[in-house]
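To start, the structure itself, in structure tokens.
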Amino acid sequence: MIYQGKQKIWSDYQKEIPADHWFYARSCIRQNFFPASETHFLKIGRELLGKDICDNEHHTTCGGISYHSDTIPQETAMTIVARQFAIMTECGYKNIAPSCITSFGNYTEILETWREFPELEAKVREMLWKSCRKEFEIPEHVAHTSDIMYTWRNEIAEKAKFRLINKETGEPLRVVEHIGCHYSKMFPHKGVGGAEYPCVLSGMVNSWGGQVIDYPERRHCCGFGFRQYLVKANRGYSISNTHKKFESMEPYKPDMIITNCPGCPYFLDRWQYVIAEMEGRTYGENGFGIPVFTYEEVAGLVLGYDPWDLGLQLHQVAVEPLLDKIGIEYDPKAKYLGLNEKDIMKPGLPENLRCF
Amino acid sequence: MTDRIPAGFHPFVIPFLVGMGFVLLYCLYGFIRIMCQLSHKDRRKFFLSFLNPKILWKDIKDIFLNCLIHVKLWKRNKLLGFMHSSIAFGWFMLIVLGHLEVICFLPGRLRTFYYPIFFNFFVAEDNATIGGQVFFFLMDFFLALVLCGIILAIIKRVHSLIFGMRRTTRLSLLDRVGLYSLWAIFPLRLLAEGFTAHISGGSFLTIPLNWIARAFLGNELNMVPTWWAYSIALCVFMCVLPFTRYMHIPAEMLLIPMRNAGLKIKHARKGYAKVMVYSCPSCGVCIDACPMSVKKANTRDTTVYLNRQIRRGNEKRIEEISDKCLLCGKCSELCQIGIEAPKIRIAQRARRKYGLNQNYSNISVGPLAEKAFGHNVEAKPGKVLYFAGCMTQLTPRISQAMESVLQKAGVEYSYMDKDGGLCCGRPMLMAGRPDQARQIIDKNTGIIRSSGCDTLLLSCPICYKIFKEKYHLEGIRVVHHSEFIKELVDQRRLSVRFGKDVIVYHDPCELGRGSGIYEQPRELLAALGTLVEAEKTGKESICCGGSLGSLTLGFAQREDLTKNALRNLTVNLPSKIATACPLCLASFSRYSDRPVEDIAEIVDQRSTKVD
Amino acid sequence: MLLELKIMKDSIVIIGGGIAGLEAAKQLLTLGYTPIIVEKSDHLGGHVAGWNRLFPDMAPAQEIVAKMIKDVEGANIFLETEIISSNKLGNTYIVNLSNGVTIRTKAILIATGFELFDAHKKEEYGYGIYNQVMTNQDLEKWFNTSVDSRIGGKEIRKIGFVHCVGSRDVKAGNSQCSKVCCVTAIKQAIEMKQEFPDAEIYCFYMDLRLFGKKYEDFYINAQKDYGIHFIRGRVSEVSENIEGRLLVKAEDTLSGKPLKVTLDLLVLMAGMVCNQDGSKMASMLRLETDSDGFLRSKDNVCNIVESNRHGIFYAGACTGTKTVPETISEARAAALMIHNYINE
Amino acid sequence: MAMNFGFKLCPSSALNLDKIDTSLYDKLVEMEPDARICMACGSCSATCTASQFSGMSVRKVLLDIQRGKEKEAAAMLRNCMLCGKCTMVCPRGINTRHLILSLCRIYDNKEEQK
């Protein structure tokens with residue numbers, strides 16, 4: 001691998017990301033599966049770095065899931081997105097920061113479509129007006145929240161309490177970065193680093209002390225693929241894709257996986273359990289799985305936030321071995337205590353995948 | 001005539017006795033082995049055939065005419081025939097006369113076995129008898145005949161073309177030993193008898209020789225050594241005989257009754273086929289006959305070498321030679337012995353084991369028949385079923401012409417494989433896979449039976465041969481289109497016009513040699529244009545080179561064969577080449593400088609409906 | 001007569017010192033003109049000078065180029081020189097060169113040729129990223145010099161050739177076929193098989209376009225004598241496995257199945273695009289570009305060597321992908337056209 | 001015990017050239033060097049007598065054994081009638097008929113070698 005070659009490509013794909021004043025668009029999946037991740041993005045942005053991020057309760061889903069599941073036509077998705085833009089405009093923001101990769105892809109795709117076919121935009125404006133009496137301005141910038149986190153990576157590194165380094169050996173942790181398909185595969189120039197060698201996550205990993213591994217199937221989809229998972233008959237196909245990725249990364253003995261998409265961490269995490277129970281195969285050390293994190297979780301960990309505050313107890317794959325490796329302290333007893341110290345109950349343990 | 005040596009024995013006869021004993025034992029052993037290899041049924045058939053006076057008489061006649069007189073060789077080339085019959089018949093007569101002499105003069109010595117061979121050594125002439133003179137003359141006459149044959153044989157080794165042979169067989173080492181010892185036997189006999197002629201008597205050949213010898217050598221010391229030499233030459237010849245081409249002499253005498261008994265080749269290397277292989281005299285007629293011989297490298301793959309390799313058991317070469325052959329049948333047609341080389345080759349191919357065998361159980365006859373003939377087919381006398389065959393599908397002009405001709409003649413017909421059909425099974429059979437071919441045959445039989453037709457009309461001689469020979473189509477007439485059209489014309493259901501074309505007809509192997517149809521196409525063509533003949537024609541016609549018989553000949557290797565066949569066809573400057581086989585048509589069209597057409601096409605162009 | 005002679009001694013500016021420029025210069029010298037070759041690089045012979053052997057008869061490229069250079073001894077040659085500006089004055093052009101020379105000429109011959117497609121642009125193939133990915137040009141250079149870090153370090157067991165890199169690819173900005181890559185790939189595959197007889201060689205192609213004299217023979221030989229595997233399908237992505245070998249993915253379109261294979265060397269058959277410097281210079285001369293990105297000829301059937309401007313002619317790959325013999329023929333045609341134009 | 005989720009891992013359909021067993025093809029090429037010069041034009045398949053019953057295609061057979069798919073090739077080969085049409089139409093002059101015979105011969109199937 002010629003590192004300079006990669007750097008050259010990264011330099012070719014640098015997008016303009018304004019430093020401040022963002023309208024935050026939440027993700028349907030993440031709000032439910034990784035609620036702490038979104039919270040911590042706002043917390044790091046607002047409290048640690050003093051950024052202005054608007055989190056408005058009136059915005060909705062972007063329609064991406066229904067759109068990619070073939071349940072709504074694109075015009076409907078466009079009108080939903082137009083409403084998000086309208087709320088952004090109403091709130092006085094010009095930059096939109098979706099927390100979801102699918103939303104990001106959806107916004108980008110719709111904006112590109114309007115650019116090519118202005119008559120569609122006009123039609124959507126009309127539909128939005130008819131349905132909600134709202135008007136919108138085209139956002140000046142669309143950046144995924146991982147893009148924004150990428151711009152913060154060095155500041156976070158400065159303020160970090162931990163680094164992605166094995167405490168025992170002093171070696172950098174081997175990190176698999178997994179980018180959501182809709183981040184830059186459709187529009188390589190809309191992603192930091194392009195589609196082939198994106199550096200949005202690898203940039204964070206490198207800044208925080210880890211080492212990104214380049215395994216052959218790094219470009220491959222996590223396996224979610226909307227219809228592939230949502231239709232039960234297709235789930236074998238969904239998990240097979242995930243399986244393919246794990247088989248490909250396993251020889252590199254990755255310590256962790258970092259992701260920027262709502263579906264990917266969920267499926268990379270949960271499918272490890274299913275593969276273990278189906279095939280008896282696990283990919284981490286000593287019968288554990290490979291822990292999968294969102295970039296906010298990783299940022300939170302290096303910044304020294306409590307792992308349970310970051311919601312890591314909601315992961316299927318046990319995170320404790322990694323926390324031990326980095327040297328992050330945690331209270332095992334507090335793992336299943338809720339915000340109000342109430343016991344949220346310990347889930348049953350799988351047969352083949354080692355968990356706590 | 002009296003005994004000259006009272007004991008009636010001299011040591012020089014020992015070599016002869018050794019050789020003779022060896023040959024007889026070997027032949028007996030061989031005969032028993034062959035008999036054991038025959039199936040019980042065949043063995044019974046063979047022995048019972050001797051009880052049938054008709055077959056017995058045929059056996060005797062065939063052995064006499066073929067083994068001694070070589071009538072087939074006479075037909076081919078007089079000089080060649082003379083050469084062979086002078087040696088074989090002359091030698092035979094020497095032996096017969098030797099015995100007669102013994103019977104006449106010294107009947108008591110007959111059981112010594114060697115007296116008839118060395119008669120002149122053991123006797124002294126007493127008061128000359130008329131009978132003795134006659135014998136002396138006859139003995140010298142036949143010896144002279146044999147010597148003529150030997151001289152011719154020596155000339156043939158150098159100038160085979162005089163005998164009508166472009167190429168002769170390359171002899172193996174033992175063959176050479178056998179040949180030279182055979183050549184030596186008769187001059188040595190002449191010398192031996194010459195040296196003793198003043199004692200034992202002689203005639204026009206031996207007496208003058210005796211004068212000369214005695215005038216120059218003056219003593220009788222030469223006498224015994226020459227008899228020794230003669231005996232040793234006989235011994236050498238007989239000792240090597242089983243391992244040389246001369247084995248054909250005893251083998252052919254077994255082959256003829258076996259053939260007359262109606263045996264068939266069942267195994268490439270046993271029984272009947274084995275006798276056939278050993279009956280090959282390596283004369284090399286098949287080398288010139290073989291269409292592949294146009295390329296020198298291929299001459300080693302002709303039948304004579306197949307027989308030799310089978311005798312040697314050289315498996316690799318046996319396979320090569322067996323697979324390469326076009327199965328055109330010409331060698332077999334010209335073979336003096338009647339060795340059915342194509343059948344031996346197919347039997348050899350059939351010995352091969354395959355890790356994967358074809359199976360057509362997934363093909364069901366019903367739907368195919370329905371596709372071809374529709375529902376509720378009624379049987380109708382006179383209705384014709386046309387089967388174009390695979391190869392005709394690649395030369396649609398033939399099937400088109402056929403349909404047009406049938407329509408003009410008002411023939412009611414069904415087209416069995418208009419939308420593609422099954423193969424006839426002949427290619428599979430030729431590849432030596434009779435079980436697979438049988439499966440195909442059964443499927444096709446089913447389809448044909450459900451057509452309601454009583455005539456099966458074929459455009460492809462390859463199909464024709466197998467339909468005729470291997471299908472059980474009782475009640476259905478199998479006919480090739482050349483025959484069928486001829487009949488239509490004869491019955492005035494189709495009227496044809498004579499044209500200015502000068503046409504040469506190429507006999508397709510499977511139609512001519514394969515099925516014996518030579519005349520019908522010629523008669524048909526003679527009504528359409530001026531018919532000229534090729535240089536080699538009829539039974540000797542040259543394969544187009546496209547034959548499916550050959551498994552290994554590649555496209556490039558066939559080019560020279562086709563060009564040679566074309567050269568043969570065009571000697572009399574025809575303006576058009578006619579054939580009756582789609583494969584010949586395709587092969588010739590590729591390289592021909594003049595139009596090549598199927599007989600059906602020519603008829604179609606020059607025929608009209610009869611009102 | 002005197003006047004005639006003077007005209008005959010005219011100088012003609014040839015832009016580009018590749019084989020088109022050299023051949024045209026030679027012919028113009030023979031016709032009695034003074035050709036002036038302006039070459040931006042430091043050597044003559046262009047791309048061909050960097051190649052090893054030329055199909056179909058494996059003629060040594062360097063000898064051919066050396067002979068061509070020898071044949072233009074009488075011409076004026078300016079190396080490392082570019083055209084700064086040019087003005088039309090009546091029937092003549094005033095051409096200012098970067099070395100300070102100004103030439104007055106009746107005719108300009110553009111022989112700026114092609115430029116190899118920048119294989120970096122096909123990011124998924126990892127040229128410049130993976131250690132074992134090279135281009136057809138790199139390989140020719142290796143044939144000449146035997147020096148390349150990508151070959152020789154590790155044992156080479158499997159080699160892949162990717163056809164159509166930057167050709168027939170709208171997203172790479174070149175929808176046209178580069179014409180010679182197929183036969184080049186096969187030629188190079190054979191040469192590599194000769195170098196590494198135990199290696200398995202795979203050619204990934206979309207179509208095999210072996211249009212030229214004896215090209216098909218290369219194909220048959222490659223299959224029959226060298227056992228080179230031809231896989232119909234465009235390589236979709238290349239990655240590096242843990243041993244540092246290349247994992248190549250494509251679809252085996254004949255099987256209708258995705259296919260992957262691990263390779264030790266991947267050669268990208270970078271296509272031909274119009275020389276960008278040539279295009280810039282052409283726009284300075286107010287010449288048009290055709291829809292395929294190459295310079296526009298007066299007519300693509302009968303008048304390839306003429307431009308739409310009087311006195312400006314083309315030769316070689318500046319008007320489209322050309323083989324070496326086509327380029328040479330075109331250079332000769334251009335020389336004749338220039339001669340006719342001047343004598344009009 | 002493997003848990004039943006109502007769905008399973010599906011094996012990859014991808015051809016992995018590193019892992020496929022081409023010994024049959026290698027053996028064939030030794031016997032029939034012309035097997036290499038197939039350019040996949042498909043004439044043989046188009047003309048094949050057996051194809052209408054079975055999808056037999058010499059082109060596919062050759063490709064399948066190159067890709068280590070011996071079973072698929074065998075299934076097709078079983079339908080061949082050796083009629084020779086493919087040999088007639090092959091533009092590269094491959095003796096497909098003999099190639100098929102050679103292939104049937106080298107198939108390592110003891111049961112069928114009767």
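The chains referred to below are lettered A, B, ... by the order of the sequence lines, with proteins before strands, and numbering in each begins at 1.
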Rounded to the nearest 0.5 Å, how far does [atom2] of [Y] lie from [atom1] of [X]?
| X | Y | atom1 | atom2 | value |
| --- | --- | --- | --- | --- |
| C:Tyr202 | D:Leu17 | OH | CG | 5.0 Å |
| C:Lys257 | D:Arg67 | NZ | CZ | 12.0 Å |
| C:Asn221 | D:Arg36 | CG | CZ | 12.0 Å |
| D:Leu15 | C:Lys249 | CG | NZ | 13.5 Å |
| D:Arg92 | C:Lys224 | CZ | NZ | 10.0 Å |
| D:Thr22 | C:Glu200 | OG1 | CD | 7.0 Å |

Which answer fits C:Lys158, side chain, backbone, both or neither, if we ask what part of it has an atom under 4.5 Å from a heavy atom of chain D?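 The side chain, not the backbone.
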Heavy-atom proximity to chain C below 4.5 Å, by part of D:Lys60: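 When you check distances to chain C, no heavy atom of D:Lys60 falls under 4.5 Å.
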Which answer fits D:Leu63, side chain, backbone, both or neither, if we ask what part of it has an atom under 4.5 Å from a heavy atom of chain C? side chain
Closest approach of D:Lys69 and C:Ser255, non-hydrogen atoms and distance?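 Residues D:Lys69 and C:Ser255, closest heavy atoms: NZ-CB, 4.5 Å.
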Apply side-chain contact (heavy atoms from CB on, under 4.5 Å) to the pair C:Arg232 and D:Met39, showing each step before the final yes or no. CA-CA 10 Å; C:Arg232 206 188 95 187; D:Met39 53 177 175; over 6 Å; no
Could you tell me whether a side-chain N or O of D:Asp18 sits under 3.5 Å from a main-chain N or O of C:Thr262, the two making a donor and an acceptor? yes
